[in-house]
Amino acid sequence: MAGLVSPKPLSYLQQPNGGYGPFVRQHPTYSETPPLSVLHHQQSQYSVTPGAVGGSSVQEDSKIYSLVVDLLDPATRESALLELSKKREQYDDLALVLWHSFGIMPALLQEIVSVYPLLSPPNLTAHASNRVCNALALLQCVASHSETRQLFLSAHIPLFLYPFLNTTSKTRPFEYLRLTSLGVIGALVKQNDNSSVIHFLLSTEIIPLCLRIMETGSELSKTVAIFIVQKILLDETGLTYICHTYERFYAVGTVLSNMVNQLVETQAVRLLKHVVRCYLRLSDNLRAREALRACLPEPLRDQTFATLLKGDMVTKRCLTTLLNNLAES
């Protein structure tokens with residue numbers, strides 16, 4: 001593990017199928033990701049012993065720690081990943097145990113990088129996908145916890161997931177992998193105080209990756225991807241970043257417009273809620289509001305979605321507010 005170095009951010013924006021060139025890294029605050037040996041050394045400063053984590057019985061602690069130790073052994077890792085992923089909702093401090101136990105985070109990252117060779121050409125099997133998704137579920141646990149979230153970011157662990165988000169195969173193993181990876185990012189942005197998360201994500205290629213999934217992914221993947229974009233927009237820094245140049249605004253606006261046209265056919269109300277909220281937030285920026293007056297999709301202006309939103313008063317109010325914002329001089 002000492003010689004394994006985490007991937008540098010891939011140049012997705014240079015790929016011909018990327019199409020989102022305006023989004024380039026603008027925040028030099030974050031250095032390149034440290035090698036796993038650094039993570040290994042940092043975690044070795046901590047040790048967790050049974051009884052150190054509150055809120056559970058000694059017997060439950062013992063079982064959790066036994067499974068965590070099993071993660072270190074390649075022979076028992078797969079079953080331990082499965083069992084721990086099932087227990088992550090039941091054990092509040094699992095994130096602390098995972099992060100502060102010697103060698104565990106490198107073991108989880110080893111699971112992730114081990115499937116990179118299966119991404120291109122796409123040879124990911126259902127078994128391999130399930131196994132790495134169990135590892136991702138544990139990373140989501142770490143990303144969600146208030147005491148480990150910033151450590152998770154400082155180690156640049158989200159970058160390990162970007163190769164998964166950059167895949168385009170529509171087979172179930174790849175779709176499951178993308179969705180679970182999006183879940184980790186979604187867990188980061190879901191927190192109320194997430195300015196540091198937004199700053200980190202804006203220093204990476206998360207927006208173009210999400211835009212691609214919003215256009216080509218399954219309905220569920222699209223929903224999580226647009227949720228991430230929406231949370232970025234809700235942050236003042238994120239809104240300013242996306243509206244800073246016309247090219248960035250156009251990239252986001254084009255994908256949202258395409259989604260609206262698709263929603264006329266699919267009638268996916270969950271997606272529509274997020275689309276409306278994204279447009280509403282964009283209208284808070286004066287330059288974006290001026291542009292939206294000319295490019296807001298017609299189905300949002302007329303009564304195309306009236307029946308779909310009949311029982312959703314919150315989204316109806318958001319849409320009304322959006323149209324009122326655009327009507328103001």
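All residue numbers in this chain count up from 1 along the given sequence. Owing to the predicted nature of the structure, the values given are computational and were not obtained by experimental measurement.
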Trainee: With sequence neighbours excluded, what pairs up with Ser221 under the side-chain contact (heavy atoms from CB on, under 4.5 Å) test?
Mentor: Glu175, Leu179, Leu182, Ile213, Ser218
Trainee: Does Glu328 come within less than 4.0 Å of Arg289, counting only side-chain N to carboxylate O?
Mentor: yes
Trainee: Taking only residues two or more places apart in sequence or in another chain, which ones pass side-chain contact (heavy atoms from CB on, under 4.5 Å) with Thr240?
Mentor: Glu236
Trainee: Give a yes-or-no answer on whether the side chains of Asn194 and Arg149 include a donor-acceptor pair shorter than 3.5 Å.
Mentor: no
Trainee: With distance as the sole criterion, is a donor-acceptor pair present between the side chains of Gln191 and Ser146 under 3.5 Å?
Mentor: no
Trainee: Should Tyr116 and Phe164 be marked as a ring pair (Phe, Tyr, Trp, His ring centres under 6.0 Å) after you check the CA-CA gap, both sets of side-chain angles, and the distance that decides it?
Mentor: CA-CA 8 Å; Tyr116 284 174; Phe164 299 156; 5.8 Å; yes
Trainee: Do any pairs count as a side chain to side chain donor-acceptor pair (under 3.5 Å) and have a residue in residues 117-128, sequence neighbours left out, and if so which ones?
Mentor: Glu78-His127
Trainee: Just distance, no hydrogens or angles: give the donor-acceptor pairs under 3.5 Å from side chains in residues 67-77, sequence neighbours left out.
Mentor:
| residue | atom | partner | partner atom | Å |
| --- | --- | --- | --- | --- |
| Asp73 | OD1 | Ala75 | N | 3.0 |
| Thr76 | OG1 | Asp70 | O | 2.7 |
| Thr76 | OG1 | Asp73 | O | 3.3 |
| Arg77 | NE | Leu71 | O | 2.7 |
| Arg77 | NH1 | Glu111 | OE2 | 3.3 |
| Arg77 | NH2 | Leu71 | O | 3.3 |

Trainee: Kindly write out the residues that satisfy side-chain contact (heavy atoms from CB on, under 4.5 Å) with Asp284, not counting sequence neighbours, or none if the list is empty.
Mentor: Leu239, Arg281, Asn325
Trainee: The criterion is salt bridge (Lys or Arg N to Asp or Glu O under 4.0 Å); which residues satisfy it with Glu247, sequence neighbours excluded?
Mentor: none
Trainee: Report yes or no: do Ser169 and Thr171 form a side-chain donor-acceptor pair below 3.5 Å?
Mentor: yes
Trainee: Applying salt bridge (Lys or Arg N to Asp or Glu O under 4.0 Å) to Glu219 and Arg270, what does each step give before you reach the verdict?
Mentor: CA-CA 9 Å; Glu219 180 182 330; Arg270 287 186 305 175; 3.6 Å; yes
